[in-house]
Protein chains: 2
Amino acid sequence: MPQMPEQNELTPPKDGRLARGEATKDRVLDAAERCFAAHGFATVTIRQIAREAGVTLGVVSFHGGSKEELFATVLARRTATLNALRTDALKALQARGGITIRDLVDAYLTPYLEIASRGDPQWRAYAQLIARIVSDDQYYMQVRDLYDPVAQDFIAEMRRIYPDASAKAVATVLTLTVASMLSIVASRVRIAGLSGEPASESALDYRLTLVDFCTGGIEQALAAP
Amino acid sequence: MPQMPEQNELTPPKDGRLARGEATKDRVLDAAERCFAAHGFATVTIRQIAREAGVTLGVVSFHGGSKEELFATVLARRTATLNALRTDALKALQARGGITIRDLVDAYLTPYLEIASRGDPQWRAYAQLIARIVSDDQYYMQVRDLYDPVAQDFIAEMRRIYPDASAKAVATVLTLTVASMLSIVASRVRIAGLSGEPASESALDYRLTLVDFCTGGIEQALAAP
DNA sequence: AAACTATCTGAACGTCCGTATAAAAAGTCA
DNA sequence: TGACTTTTTATACGGACGTTCAGATAGTTT
């Protein structure tokens, strides 16, 4: 990593150089986000990212560090926002009370579907990148730190609804729910191919079907024998 | 590709050279299958495959052709067997009659879970490789040819059970079912991490939960509004 | 044995990769 | 202006990659 020009909140008189540096750093991270989302970590080259960002080769290393550091930075950059959307939805349910499984499923899935449907192509790329890495155990150590804490909150609430279900069963159905959610982004072309109709533009078009599927699935899988 | 020594069924007097060639070709394909399954296409190198197979570099090209041809060969090699298992299960249901959604789900999922649980490490590797590529639209053109025909047979049967469901809804729930199935193989580490218990050794241990989840999900998603 | 084919070896080729770095450019501050 | 810092350029390096191929080896056929 470079000199990491910190932007102190208490010193608003920004150096023009630092401002420019931050801007190009964002361009690099955005370009990396799009590239990693579209082709995966191994396939993408630093030179591709540089070209996509409109900068020269050295700039990518200067602002992004090594390829692995760049990848980790891109992954972590938007996580707090997504986690906050989910946590806020969960807190709203807890404040209201009378939580159903459908409520929980919807609170977990909808924030992701929304960022995947946003006009902002960077958020769409981020959603696609998540779909790439969460469904691959090779990246689990990174996923664990980024997403599992919030997932555990939802698991705790699910166990309150199904107190007799085993820990493994609850963890399994949550993982199946996540896999289903990600496939809406990762396998949209296949859905189109199988149905013979063109793919929907927005991931939110699948929201009802997806929430129904996961809700019905959890209810059936965790129902008392 | 090399000279492709064809083994004619009508000429059993095999050339000893061809027999040896076929044997090392199998060693190469097996090694490639394990490598691609464990690390994905881009990460794996021909030299890794050669080392894993215990042969020198040139042999991999000689028997496997280019890296892409080798990948395609490995993908296609076991497809007919898996497709036959699913088709046979479907035919048995059709002969019996009175098909339920649970029957269909079980007939589609169980063959995969079984090959993923087999003692044979090559079949396990193949199952892992499928999980890698089917959930990635980047490989859809290959997936379409290999797996979609059988998937269409199951879709046709589902539409018989839910005649009022839209084509897109049926294609969606089948894709969600497939994604859930694959995640049993691809995300077993995450399930273990979320539940706090060690991962099950066999994918078949998740069969009941998985079939319940997908059955309940389809019933809920396709139920008449 | 000799001619022939299939298989394998070992080494090389050109290309692209990630990373590092010296020097130039741009901007700030005294 | 000139000292100073941050950013950008241009280039280079060592290594690993996929692929190719002449020649050695093993096995078959006549």
Side-chain angles (χ1 to χ4, degrees), chain A residues 1-8 11-33 35-36 38-74, chain B residues 1-8 11-33 35-36 38-74:
Chain A
M1 277 296 201
Q3 292 79 331
M4 269 301 173
E6 294 278 343
Q7 174 73 354
N8 192 335
T11 57
K14 11 184 150 179
D15 189 327
R17 292 169 300 180
L18 300 186
R20 181 163 57 96
E22 283 296 305
T24 60
K25 177 170 182 174
D26 286 346
R27 291 235 312 287
V28 168
L29 293 180
D30 285 352
E33 190 169 54
C35 289
F36 286 141
H39 309 109
F41 178 79
T43 307
V44 170
T45 73
I46 306 281
R47 286 168 174 83
Q48 275 177 42
I49 295 172
R51 202 179 320 130
E52 177 81 14
V55 300
T56 53
L57 187 60
V59 176
V60 177
S61 299
F62 180 76
H63 286 295
S66 74
K67 190 182 180 186
E68 297 213 357
E69 286 169 332
L70 179 57
F71 187 70
T73 302
V74 166
Chain B
M1 277 298 197
Q3 293 78 332
M4 268 301 172
E6 294 279 343
Q7 175 72 357
N8 192 335
T11 56
K14 8 185 152 183
D15 189 327
R17 292 170 299 179
L18 301 185
R20 179 164 58 97
E22 283 295 305
T24 61
K25 178 171 183 175
D26 286 346
R27 291 236 310 287
V28 168
L29 292 179
D30 286 352
E33 190 169 54
C35 290
F36 285 140
H39 309 109
F41 177 80
T43 308
V44 171
T45 72
I46 306 281
R47 285 168 174 82
Q48 276 178 40
I49 296 173
R51 203 179 320 128
E52 177 80 14
V55 300
T56 53
L57 188 59
V59 175
V60 177
S61 301
F62 181 75
H63 285 295
S66 75
K67 191 181 179 184
E68 297 213 358
E69 286 169 332
L70 179 58
F71 187 70
T73 302
V74 166

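Labels below follow one simple rule: chain letters A, B, ... track the order of the sequence lines, proteins then strands, and each chain is numbered from 1. For the numbers below, each heavy atom of this structure counts, side chains included, while hydrogens, waters and symmetry mates do not.
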5'-most contact on DNA chain D (nearest-nucleotide basis), A:G54 vs B:R47, goes to A:G54

Here the distance between atom P of D:dG18 and atom CZ of B:F41, to the nearest Å, is 8 Å

Rounded to the nearest 0.5 Å, the CG atom of B:L57 sits from the CZ atom of B:R51 at a distance of 10.5 Å

Here the gap from B:D26 atom CG to B:E33 atom CD, rounded to the nearest 0.5 Å, amounts to 10.5 Å

From CG of A:L70 across to P of C:dG18 the rounded distance in Å is 11 Å

Any side-chain N or O of A:T24 below 4.0 angstrom from OP1/OP2 of D:dT8? yes

Whole-Å distance, A:I46 CD1 to D:dT11 P, equals 20 Å

Side-chain atoms of B:L57 come closest, of D:dT19, D:dA10, C:dT19, to D:dT19

Q | Phosphate-side-chain proximity, A:T45 and C:dC17, N/O vs OP1/OP2 below 4.0 Å | A | yes

Please evaluate residues B:V55 and B:I49 with respect to the criterion side-chain contact (heavy atoms from CB on, under 4.5 Å), reporting the C-alpha separation (whole Å), side-chain torsions for both, the decisive distance (0.1 Å), and the verdict.
CA-CA 9 Å; B:V55 300; B:I49 296 173; over 6 Å; no

Between CZ of B:R51 and P of D:dG18 the distance, given in whole Å, is 11 Å

Contact under 4.0 Å: B:H63 side-chain N or O vs C:dA6 OP1/OP2: no

DNA chain C nearest-nucleotide lookup for A:Q48 and A:G58: closer to the 5′ end is A:Q48

(request) Please work out if A:V44 contacts a base, only the sugar-phosphate, or nothing of the nucleic acid, heavy-atom cut-off 4.0 Å. (result) sugar-phosphate

Atom NZ of A:K67 and atom P of C:dC16 are separated, to the nearest Å, by 16 Å

**Request:** Using the six-membered ring wherever Trp is involved, compare the ring planes of B:F41 and B:F36 and label them parallel, tilted or perpendicular (cut-offs 30° and 60°).
**Result:** parallel

Note to self: Please tell me if B:S66 has a side-chain N or O lying less than 4.0 Å from either OP1 or OP2 of D:dG18.
What the structure shows: no

d(A:E52 CD, A:R27 CZ) to nearest 0.5 Å is 11.0 Å

In whole angstroms, the gap separating P of D:dT7 from CG of A:D26 amounts to 13 Å

Atom CZ of A:F62 and atom C1' of D:dT11 are separated, to the nearest Å, by 18 Å

B:F71 CZ to D:dT19 C1', in whole Å, measures 19 Å

